[in-house]
Number of protein chains: 4
Amino acid sequence: MDVVEVVPSFEEYAFTFGGVAPLRRVRPGTALRLWSDDAFCGALRSAKDLSSEKVDLRFVNPQTGPFFVEGAEPGDTLALHFVAVEPARDWGASAAIPFFGGLTSTDRVATLQDALPDTTWIYELDRARNTVTFVAQHSDLSVELPVEPMLGTVGVAPAGAEVRSSLVPDRFGGNMDTPQMRAGSTCFLRVNVEGALFSIGDGHYRQGEGEACGTAVEGAMSTTLIVELIKGGAPEALPAWPRIEDDTHWMTVGSSRPLEDAWRIAAVELVRWFGELYGLHPMDAYQLLSQISEAPIANVVDANYSAVVKARKELLPPALAYDGVHDDLRRRAATLL
Amino acid sequence: MDVVEVVPSFEEYAFTFGGVAPLRRVRPGTALRLWSDDAFCGALRSAKDLSSEKVDLRFVNPQTGPFFVEGAEPGDTLALHFVAVEPARDWGASAAIPFFGGLTSTDRVATLQDALPDTTWIYELDRARNTVTFVAQHSDLSVELPVEPMLGTVGVAPAGAEVRSSLVPDRFGGNMDTPQMRAGSTCFLRVNVEGALFSIGDGHYRQGEGEACGTAVEGAMSTTLIVELIKGGAPEALPAWPRIEDDTHWMTVGSSRPLEDAWRIAAVELVRWFGELYGLHPMDAYQLLSQISEAPIANVVDANYSAVVKARKELLPPALAYDGVHDDLRRRAATLL
Amino acid sequence: MDVVEVVPSFEEYAFTFGGVAPLRRVRPGTALRLWSDDAFCGALRSAKDLSSEKVDLRFVNPQTGPFFVEGAEPGDTLALHFVAVEPARDWGASAAIPFFGGLTSTDRVATLQDALPDTTWIYELDRARNTVTFVAQHSDLSVELPVEPMLGTVGVAPAGAEVRSSLVPDRFGGNMDTPQMRAGSTCFLRVNVEGALFSIGDGHYRQGEGEACGTAVEGAMSTTLIVELIKGGAPEALPAWPRIEDDTHWMTVGSSRPLEDAWRIAAVELVRWFGELYGLHPMDAYQLLSQISEAPIANVVDANYSAVVKARKELLPPALAYDGVHDDLRRRAATLL
Amino acid sequence: MDVVEVVPSFEEYAFTFGGVAPLRRVRPGTALRLWSDDAFCGALRSAKDLSSEKVDLRFVNPQTGPFFVEGAEPGDTLALHFVAVEPARDWGASAAIPFFGGLTSTDRVATLQDALPDTTWIYELDRARNTVTFVAQHSDLSVELPVEPMLGTVGVAPAGAEVRSSLVPDRFGGNMDTPQMRAGSTCFLRVNVEGALFSIGDGHYRQGEGEACGTAVEGAMSTTLIVELIKGGAPEALPAWPRIEDDTHWMTVGSSRPLEDAWRIAAVELVRWFGELYGLHPMDAYQLLSQISEAPIANVVDANYSAVVKARKELLPPALAYDGVHDDLRRRAATLL
């Protein structure tokens, strides 16, 4: 199986979902190895580089893409299987950007208070130990943390001719910032426009749930993925919101404000999926997930907040989604590693 | 070490935090074995028992307590260590109560829509297999699920002379409905009134994160716990909101609406705790938890919603909270088992 | 018609709804003239008196009451008609209390930012001109504003044996902080406990909608009101949430978080009231209020946020609520002035 | 003064802000008379026309525009003065669209409940009496209501290369659904792209605050407006969010979720504007608006909720915004009537 490698130049970065010409056309079944820059476009390289001075907020969260998937039409479902997500630099950066984050007032949670101190933390990567190191900036502590690479942003062009900033998570995916988007996962997205026009970016060498300060250990990433397309299907069985499957869990991601609505969206979507997988009446699916679901918060910092609702497969009878495409992709992925 | 057994009569059940005379006085260091009824006071015993017919909503979530802890004064911290939380009946019940739950309109998320169908599910307990069995009511599926007992409700009398329903989670603890409240955990609560006046109840044989439909596998419970008291301490080091410690995690629980505020409360409390444990400046604690925190939703159904923010101890340098009382309680607990 | 005058001593102030012995018993039909202290218990008398230094937050929003209404039982509706609401001092005070208010982080909208500067503004009352004067503290401007007296807090004892701080608005009324609570208005509250146990307080010489900084022009007040009781009635016709009637409007008040839920509650309650007043189907009431309702925000600062939904009577056919008790109270009030 | 008349064909309707080629170029100072279709593109003409059958949700809220304003550049402020807003048909329509509106679950406030009954109400216009008539569909009542025409939607192309549905209100204006957008008002919007690219639509013959059911008395409209451009200005004095001035009030409009954040945004923007108009320190502006602001909810139904914060000019010292452009536009408008 061939792998098509794509390393975009800065001029090729996309900063929106939708509204951008395809970077490349790919056929379903293609494996891609995609280099993506970090959310700051590499502007923060030392703890002295402050986001207010170095980061041009018009150019953050650069996307690698979009990719035009041949044959993809509205009414189809795009499956992206992440084979490998690997740090492409030896350091990551995180910042408390003024008036951005979960424990500060923001442009929307608007108050009259002063901003928190603009602070940058650089995390050196130790490839041998597979760790990054937190070094306190206002106090005295350093802590070595395991690398757990993930993609903050995976999405397709939105419906309704909308174009959204790459900072936004919504139905089309986007900046969901969930640690569940990692190697071994398959993400299902409803296709809204011809060609789907997906892109990825915002690599995180690791991230806590909630992404409290608004930025993870942001790092350039090399992502290997396989593109698959599920044609047609009953309208009621199409994912209304992003779904993720891995070897252990069924997952859905809701994004809205307030945070309870993000959770509601994800929970209703999982009720729908349980209906498809197990033939369950919505009330029974509701009851079952009340007792088994895990509900990690993804982000409380972006334009929409995101919540994941997930169910452990081993608690449930065997079932296949989309004719078992995830298992098939796992097999194909194994040939690439 | 002696264990004081308490099995309240129905007349002794408490339905509020605060406003109730102590059921018993206990000295710090006492071990208690407490029987608690289920949230429905045992009214749902068959799938034909509908909540709208059988449950008197003035008498739900009965508490066992309150207990007057000798020597406890405002400015102290109460520690409750859960030694064992064990099903006290052979079945649990769950219900979709009309206009109560996370995927329905409610008295507060008020709409003009009809209620969802009032439905009861009974879960038979298999003690040998340590499972409860979900049986679909509107479709055809049954699923055996592991028992993972927990307490929905643990709290003390509120501050400011308030009296709150046992359905409410807030600063005083209460109906937080987090699966983290289980055997092996130590819960720290700020003492608001003389004697602390804590109570427990709302046993769940298992519960998903979010408690989507509003009720878990509700069951009578036998809880063994050790009461400890941490006297005085700097005001700024007192827990402002419930904290939980177990062998693996530091945890805080926030309860408010909207859900992002519950998360914010818990995250700020963990920032405070990191300051105490590691001497970290708030900005550094904020950054560190941005990269390591787990953030499971507890409930999206109660009078306040609850979110947990937690950090894995093994990622962090060794530290002791409250002079290591959790480890000490673990040792004492071991003598009881 | 006699008027019973009540001027409580400091020791008689109530700081909760519920949980306090009646100050006095009154018969339905009684007129009362009640002196109430300001929300700060008079502690802020100069712009140099800072809330962080002078105000004991355990003793704020003092209530005059509670009054035990003879014959009032759960299932009845209490009507309080405000005949006159008049400043009882020659100055009012307002303050930006640290971490309290709408444009700052708070204990619930928790962030890591510093508090806004603790600032007090004193408003001198000019009785002849019926104005209070705003004097800027950090800049140079003074503005004379008309006095528009109102009561921030009107409530009864809560249901379910709860006791709530006088800072809380909820179903039982309480700290709703709506400028609609003024002379000429009749407030309808569901009776939850024998005697109703109503109290009033938190006089405002004037207040903007939203009460942005958390405090109005707080002032001691002399309130003349008539107490009336509506016995029994169909359970479905009892007010579930506070209702207000004046000569021009039907009004409902919802209190919850997030603010949209406060609005939803009030809107659903007005749909219910339209059903009673005009025999309208809920869908038609929903449509009608979509085109005619006014929806002023009351507060975005208290433990629950409050929103008012109101409809102008002159747009609607003639109708009487509770057999025309408001008109009757207006006539009786006229004999007192 | 000439008036340029524009009546778009269906093919010329815009359904987004941004992403559409200009319909026409206009110079600052131009007066336009714009015909706009109703939100349903005229599809609901009888109470038997149900939205689920007749309305293509991909084509709702048609905009007349966008107009390229010559000389407009990012960093400028666009002023649109509404001279006249007049019904262009003899009937309006309103509908309870399934899963859309404020008192129903929606795609974001997601529940498992059934939709409310799809219902359409037609309002006949009586030009002589200047009224529209509500006719109940599920019960028996008709009510004649004054016509109070307004525009639900006024906006420019968004920043950041985004393209947003005409159903969305945000910083760029858009579907704010505030009754304040009426004849006599001047709306100020920050210019984000060359030419500003403004459009208008979504005429309402009348609308209640909150737009409870999600649709007003939707009607085709003839709007006369004057376009003006305020060049440059200090970045800190540019409107961050829409501002409205009329003869009596200073107003700001915030749009976000939850609703308290919409209010916060508008309140902070009015604090900023008070700083410009009166030289007030933010704390003093905060205090002053706490006592004088009116805060009508605009919508609780759109993709973002909108709140207006407004201050009555007569309570404040005389001041001019943008060198008095509103007064000047009023004078010019008078020559057109």
Side-chain angles (χ1 to χ4, degrees), chain C residues 94 96 101-103 116-117 119 121 123 132 134 136-141 143 145-146 206-217 257-260 262-264 267-268 271 278-284 286-297 300 305 307 309 311 315-317, chain D residues 94 96 101-103 116-117 119 121 123 132 134 136-141 143 145-146 206-217 257-260 262-264 267-268 271 278-284 286-297 300 305 307 309 311 315-317:
Chain C
S94 191
L103 300 185
L116 294 171
T119 311
W121 294 262
Y123 288 77
V132 285
F134 162 79
Q137 292 301 304
H138 299 275
S139 38
D140 183 30
L141 185 76
V143 182
L145 301 168
R206 70 172 291 121
Q207 181 209 304
E209 293 168 358
E211 205 189 12
C213 79
T215 57
V217 180
R257 292 189 180 195
L259 184 56
E260 56 263 36
W263 172 84
R264 283 186 181 114
V268 167
V271 165
Y278 303 109
L280 273 177
H281 184 279
M283 289 302 293
D284 286 316
Y286 182 31
Q287 170 60 212
L288 184 54
L289 77 81
S290 296
Q291 313 314 343
I292 67 171
S293 68
E294 300 162 46
I297 294 170
V300 199
Y305 304 143
V309 177
L315 293 176
L316 295 161
Chain D
S94 192
L103 300 185
L116 295 171
T119 311
W121 294 262
Y123 288 77
V132 284
F134 163 77
Q137 292 301 304
H138 300 275
S139 39
D140 183 31
L141 185 76
V143 183
L145 300 167
R206 69 172 289 122
Q207 182 209 303
E209 293 168 359
E211 205 189 12
C213 80
T215 57
V217 181
R257 292 188 179 196
L259 183 56
E260 56 263 35
W263 172 84
R264 285 186 180 114
V268 167
V271 165
Y278 303 110
L280 273 177
H281 183 278
M283 289 302 292
D284 286 316
Y286 183 31
Q287 170 60 213
L288 184 53
L289 77 82
S290 296
Q291 312 315 342
I292 67 171
S293 67
E294 299 162 46
I297 295 170
V300 199
Y305 303 143
V309 178
L315 293 176
L316 295 161

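So you know, we letter chains A, B, ... as the sequences are listed, proteins then strands, and number each from 1. All values reported here derive from a predicted model rather than from experimental measurement.
Under a 3.5 Å cut-off, the side chain of C/S139 and the backbone N or O of D/L280 do not form any donor-acceptor pair. Looking at D/R264, its side chain never comes within 3.5 Å of a backbone N or O of C/L103 through a donor-acceptor pair.
Two residues are said to be in side-chain contact when any heavy atoms from C-beta on lie closer than 4.5 Å; D/Y286 and C/L116 meet this criterion. Between D/I297 and C/E260 there is no side-chain heavy-atom pair separated by less than 4.5 Å.
No other option in D/P282, D/G102, D/A267 has as many heavy-atom pairs under 4.5 Å with chain C as D/G102. Among C/S94, C/A262, C/G210, C/G214, the residue with the largest count of heavy-atom pairs under 4.5 Å with chain D is C/S94. Of the residues considered (D/L259, D/L145, D/L316, D/L315), D/L259 shows the highest number of contacts with chain C, using heavy-atom pairs under 4.5 Å.
Proximity to chain C (any heavy atom under 4.5 Å) is restricted, for D/V271, to the side chain, taken from C-beta onward. Proximity to chain C involves both the backbone and the side chain of D/P117, based on heavy atoms less than 4.5 angstrom apart. Residue contact with chain C, scored on non-hydrogen atoms closer than 4.5 Å, involves the backbone and the side chain of D/L288 alike. Only the side chain of D/L141 comes within contact range of chain C, with at least one heavy atom under 4.5 Å from a heavy atom of that chain. Looking at D/V143, the atoms closer than 4.5 Å to chain C (heavy atoms on both sides) all sit in the side chain, from C-beta outward. Only the backbone of D/E211 comes within contact range of chain C, with heavy atoms under 4.5 Å apart.
The line from CD of C/E209 to OG of D/S290 is 12.5 Å long, rounded to the nearest 0.5 Å. Of the inter-residue distances, the one linking D/W121 atom CH2 with C/D284 atom CG reads 6.0 Å to the nearest 0.5 angstrom. Separation of atoms CD (D/Q291) and OG1 (C/T215) is listed at 6.5 Å; rounding is to 0.5 Å.
Counting only N and O atoms by type, the side chains of C/T119 and D/Q287 include no donor and acceptor under 3.5 Å apart.
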